[in-house]
Amino acid sequence: MTVFVVDDFRRWMRRQVLADDDLCAAVAEMARGLIDADLGHGLLKKRVARSGAGKRGGYRVIVASRRRTPWFFLCGYAKSQRAALSPTDLAHARRLSDDLLSMTADGLREALGRGDISEVHCHDEATVEVSGQRAGHDPKVDGSRAHLP
């Protein structure tokens with residue numbers, strides 16, 4: 001299972017009671033089909049419990065994935081702070097999802113090197129493995145950083 005977070009999600013995550021293990025557990029659930037909503041363009045909405053608490057008072061996260069590896073956490077919010085993403089934020093997340101999900105292995109390594117994304121190590125996985133490279137397709141991540149309040 002290969003899991004990444006965009007840099008703005010990582011900053012948001014540090015301000016919350018949310019750990020990498022919580023993200024890994026959420027991905028494991030999504031891999032089994034436990035998804036709260038399919039928002040299109042590879043975007044999935046998932047409820048995530050606060051560390052040591054239940055999902056009811058937890059967070060909502062938006063994840064880009066084709067329901068297989070890799071998984072990209074784009075943004076999160078507390079249910080108590082907002083009900084859903086605005087149409088503008090959703091459109092931005094869809095564009096970012098399209099860019100991330102169409103990335104080649106080289107593009108992914110470059111994004112990691114620039115700090116646009118970082119890897120979440122689930123169950124001591126330490127390797128970055130991306131399959132299905134598209135010949136001649138290496139979208140730039142610069143300027144596509146997720147900033148979804």
Side-chain angles (χ1 to χ4, degrees), residues 1-105 107-108 111-112 114-125 128-134 137 139-149:
M1 165 168 60
T2 306
V3 181
F4 299 98
V5 294
V6 298
D7 61 334
D8 283 342
F9 184 90
R10 178 66 75 189
R11 282 192 298 272
W12 172 82
M13 199 177 135
R14 287 182 186 137
R15 294 187 307 264
Q16 312 308 313
V17 183
L18 194 61
D20 283 357
D21 288 344
D22 299 321
L23 303 183
C24 295
V27 169
E29 289 180 6
M30 288 186 286
R32 291 192 316 267
L34 300 173
I35 295 165
D36 294 309
D38 185 333
L39 305 174
H41 291 260
L43 285 179
L44 307 171
K45 181 178 174 183
K46 178 71 178 152
R47 291 186 307 164
V48 177
R50 294 174 193 261
S51 292
K55 290 182 184 178
R56 186 175 179 133
Y59 304 106
R60 305 305 180 260
V61 295
I62 306 300
V63 180
S65 179
R66 300 275 186 237
R67 298 185 189 208
R68 61 185 185 279
T69 201
W71 304 80
F72 296 92
F73 282 80
L74 305 182
C75 68
Y77 55 93
K79 175 75 172 166
S80 62
Q81 294 177 341
R82 71 194 289 185
L85 291 179
S86 71
T88 301
D89 289 342
L90 184 57
H92 178 75
R94 285 180 174 157
R95 285 190 303 275
L96 182 59
S97 175
D98 289 343
D99 287 347
L100 291 169
L101 295 177
S102 62
M103 239 184 224
T104 64
L108 186 57
L112 282 164
R114 287 190 306 266
D116 294 338
I117 60 174
S118 59
E119 187 171 6
V120 174
H121 297 283
C122 297
H123 307 291
D124 296 326
E125 284 186 299
V128 175
E129 203 171 299
V130 179
S131 61
Q133 286 189 22
R134 294 183 181 189
H137 184 74
K140 295 180 181 174
V141 177
D142 287 340
S144 297
R145 293 182 177 188
H147 182 69
L148 303 173

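Positions are given from 1 along the sequence. All of these numbers come straight from a predicted model, not from anything done at the bench. Worth knowing before you read on, the calculation uses all heavy atoms, side chains too, and leaves out hydrogens, waters and symmetry mates.
Between the side chain of Lys46 and the backbone N or O of Val27, no donor-acceptor pair lies under 3.5 Å. Of the possible donor and acceptor atoms, one in the side chain of Ser97 sits under 3.5 Å from a partner among the backbone N and O of His41.
Applying the salt bridge (charged side-chain N to carboxylate O under 4.0 Å, His left out) test to Asp36 and every residue at least two apart in sequence or in another chain returns Arg47. Ala28 pairs by the side chain to side chain contact (heavy atoms under 4.5 Å, CB included) definition with Arg32, not counting sequence neighbours. For Arg67, the side-chain hydrogen bond (donor to acceptor under 3.5 Å, both in side chains) criterion is met by Asp38, not counting sequence neighbours. Listed by chain and number, the residues in a side-chain hydrogen bond (donor to acceptor under 3.5 Å, both in side chains) with Asp21 amount to none (sequence neighbours excluded). Residues that satisfy the salt bridge (charged side-chain N to carboxylate O under 4.0 Å, His left out) test with Arg95, not counting sequence neighbours, are absent from this structure.
Taking CG of Leu34 as the start and CG of Leu44 as the end, the distance is 12.0 Å to the nearest 0.5 Å. Put simply, CG on Leu108 and CZ on Phe72 are 5.0 Å apart, with the number rounded to the nearest 0.5 Å. To the nearest 0.5 angstrom, Met103 atom CE is 7.5 Å from Asp116 atom CG. To the nearest 0.5 Å, atoms NE2 (His121) and CG (Leu23) are separated by 12.5 Å. Between the CZ atom of Arg94 and the CG atom of Leu74 there is a distance of 12.5 Å, given to the nearest 0.5 Å.
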### Task
Tell me, with the steps shown, if Ile62 and Asp89 meet side chain to side chain contact (heavy atoms under 4.5 Å, CB included).
CA-CA 11 Å; Ile62 306 300; Asp89 289 342; over 6 Å; no
### Query
Please walk me through it: do Asp20 and Val3 pass side chain to side chain contact (heavy atoms under 4.5 Å, CB included)?
CA-CA 10 Å; Asp20 283 357; Val3 181; over 6 Å; no
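The nearest pair of heavy atoms linking Asp99 to Ser102 is O-OG, 3.2 Å. Counting all heavy atoms, side chain and backbone alike, Val120 lies closest to Cys24 at CG1-SG, 3.8 Å. Considering all non-hydrogen atoms of both residues, Ile35 and Lys45 come closest at CG2-O, 3.8 Å. The two atoms that bring Tyr77 and Ala84 nearest to each other are OH-CA, 3.7 Å, heavy atoms only. When every heavy atom of Ala26 is checked against every heavy atom of Val48, the shortest pair comes out as CB-CG2, 3.9 Å. Nearest heavy atom pair, residue Leu85 against residue Cys75, reads CD2-SG, 4.0 Å.
Partner Phe73 forms a ring pair (Phe, Tyr, Trp, His ring centres under 6.0 Å) with one of Phe9, Phe4, Tyr59 and no other, that one being Phe9.
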